[in-house]
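Please read these numbers as outputs of a predicted model, since none were measured by experiment.
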Amino acid sequence: MVSALLERQRRTYAAEAGIRLRDTPAPLYQTLVLALLLSARIRGDIAVASAKALFDAGLRDARSMAKASWQRRVDALGEGGYRRYDERTATQLGDGAGLLLERYGGDLRRLREEADPKKALQDIPGIGPTGADIFLRAVQGVWPEFAPYVDGKAQDGARRLGLPVTPRRLGGLVSARDMPRLADGLVHAALDKGWADEVRAAAEAS
């Protein structure tokens, strides 16, 4: 089942957004932006496209996001199809970038030093519990102290596919390198029953 899932979930959501995730400030910030967008009630592909549009507009780190005008952020979100919440989200991106610059010098690696990083993430405008889960799920490959990170939505997907649901057992099914992709695939299965059915059929046929 895991092999069938990974065969279909070829890339993480971060990779789909063009993020080359490393433990450095720019890709970590880009992953935070993606987490904010994915946590809204819109389709995942629109969130990914909108993140790419922001990055293509040169808004790739906290400083460039903070310096950009509100309208520039709105326009970039619109390019990606993120129109339902674009004005509010543009404000949150600007305010969040300002907070990151003030508190961490724009470097999210300093957030790891907080007593409760997940709670600290939720101080950032637009990042609630879901956004914090999405971010930590994505960065577990470069922040190994959080691995294996399996949030509630990923556990829903594991149940749908008949897989174990505890982080420890799921983490034992793949390499640390593949854990972010497994977690994203489980979320995909939770959100798209038809896709999950295809994974199950492929697993049963193999």
Side-chain angles (χ1 to χ4, degrees), residues 12-42 44 46-80 82-147 149 151-153 180 183-184:
T12 62
Y13 291 120
E16 288 176 7
I19 301 168
R20 300 180 66 181
L21 192 51
R22 300 184 301 278
D23 188 26
T24 54
L28 290 173
Y29 177 71
Q30 292 160 24
T31 303
L32 183 73
V33 169
L34 178 62
L36 187 156
L37 300 178
L38 283 169
S39 65
R41 294 178 180 232
I42 65 163
I46 292 177
V48 168
S50 299
K52 289 178 71 173
L54 286 164
F55 307 151
D56 288 346
L59 309 182
R60 295 175 170 270
D61 56 32
R63 194 165 303 281
S64 60
M65 187 70 77
K67 284 185 175 181
S69 69
W70 177 84
Q71 190 61 52
R72 185 178 175 195
R73 296 193 292 267
V74 168
D75 290 345
L77 290 166
E79 286 280 324
Y82 201 96
R83 296 186 178 86
R84 185 173 175 187
Y85 305 107
D86 55 350
E87 296 185 358
R88 184 184 70 181
T89 301
T91 299
Q92 291 172 336
L93 287 168
D95 292 347
L99 182 146
L100 290 175
L101 289 167
E102 178 182 340
R103 188 175 294 184
Y104 305 116
D107 188 348
L108 277 163
R109 291 176 298 184
R110 292 171 58 184
L111 183 137
R112 296 171 78 178
E113 301 165 8
E114 297 276 11
D116 187 343
K118 183 174 180 179
K119 183 177 179 182
L121 279 166
Q122 294 175 62
D123 289 342
I124 300 167
I127 299 292
T130 299
D133 278 338
I134 293 169
F135 178 80
L136 293 173
R137 195 174 72 218
V139 302
Q140 62 180 305
V142 294
W143 288 6
E145 66 269 30
F146 293 101
Y149 196 90
D151 61 3
K153 187 62 71 176
D184 279 0

Got a donor-acceptor contact below 3.5 angstrom from the E79 side chain to the D75 backbone? no
Value rounded to 0.5 Å, distance of CD in Q30 from CZ in R20: 11.0 Å
Stepwise side-chain contact (heavy atoms from CB on, under 4.5 Å) check, V48 with L37: CA-CA 8 Å; V48 168; L37 300 178; over 6 Å; no
What pairs meet the ring pair (Phe, Tyr, Trp, His ring centres under 6.0 Å) rule with one or both residues in residues 87-138, with sequence neighbours excluded? F135-W143
Using modelled atom types only, decide if a donor and an acceptor are shared between the side chain of S50 and the backbone of A47 within a distance under 3.5 Å. no
Please tell me if the side chains of R109 and V142 come closer than 4.5 Å, counting only heavy atoms from C-beta onward. no
To the nearest 0.5 Å, tell me how far L54 CG sits from L77 CG. 4.5 Å
Less than 3.5 Å apart, any donor N or O on the side chain of Y149 or D133 sitting next to an acceptor on the other? yes
Can K119 and E114 be counted as an ion pair, charged N to O under 4.0 angstrom? no
Got a second to check how far L121's CG is from I127's CD1, nearest 0.5 Å? 7.0 Å
Any donor-acceptor N/O pair, R63 side chain to G106 backbone, under 3.5 Å: no
What is the distance from atom CG of D184 to atom OG1 of T12, rounded to the nearest 0.5 Å? 5.5 Å
Closest contact, heavy atoms only, A97 versus A66: CB-N, 3.8 Å
Pair R60, D56 - check side-chain contact (heavy atoms from CB on, under 4.5 Å), show working. CA-CA 8 Å; R60 295 175 170 270; D56 288 346; 4.1 Å; yes
Spacing of CG belonging to L38 relative to NZ belonging to K153, to within rounding of 0.5 Å: 12.5 Å
Side-chain polar contacts of residues 88-95 - donor-acceptor pairs under 3.5 angstrom, sequence neighbours left out - could you list them?
from, atom 1, to, atom 2, distance (Å)
T89, OG1, Y85, O, 2.8
T91, OG1, W70, NE1, 3.1
T91, OG1, E87, O, 3.2

Could you walk me through whether E16 and K52 pass the side-chain contact (heavy atoms from CB on, under 4.5 Å) check? CA-CA 9 Å; E16 288 176 7; K52 289 178 71 173; over 6 Å; no
Are the side chain of Q140 and the backbone N or O of R137 linked by a donor-acceptor pair below 3.5 Å? yes
Kindly say whether A68 contributes a backbone atom to a donor-acceptor pair with the side chain of R73 at under 3.5 angstrom? yes
Could you tell me whether the side chain of K118 reaches within less than 4.5 Å of the side chain of D116, counting heavy atoms only? yes
Carboxylate-amine/guanidinium contact K67 D61, below 4.0 Å: no
Side-chain heavy-atom pair I134, L36 within 4.5 angstrom cut-off: no
To the nearest 0.5 Å, what is the distance between OH (Y29) and OG (S64)? 7.0 Å
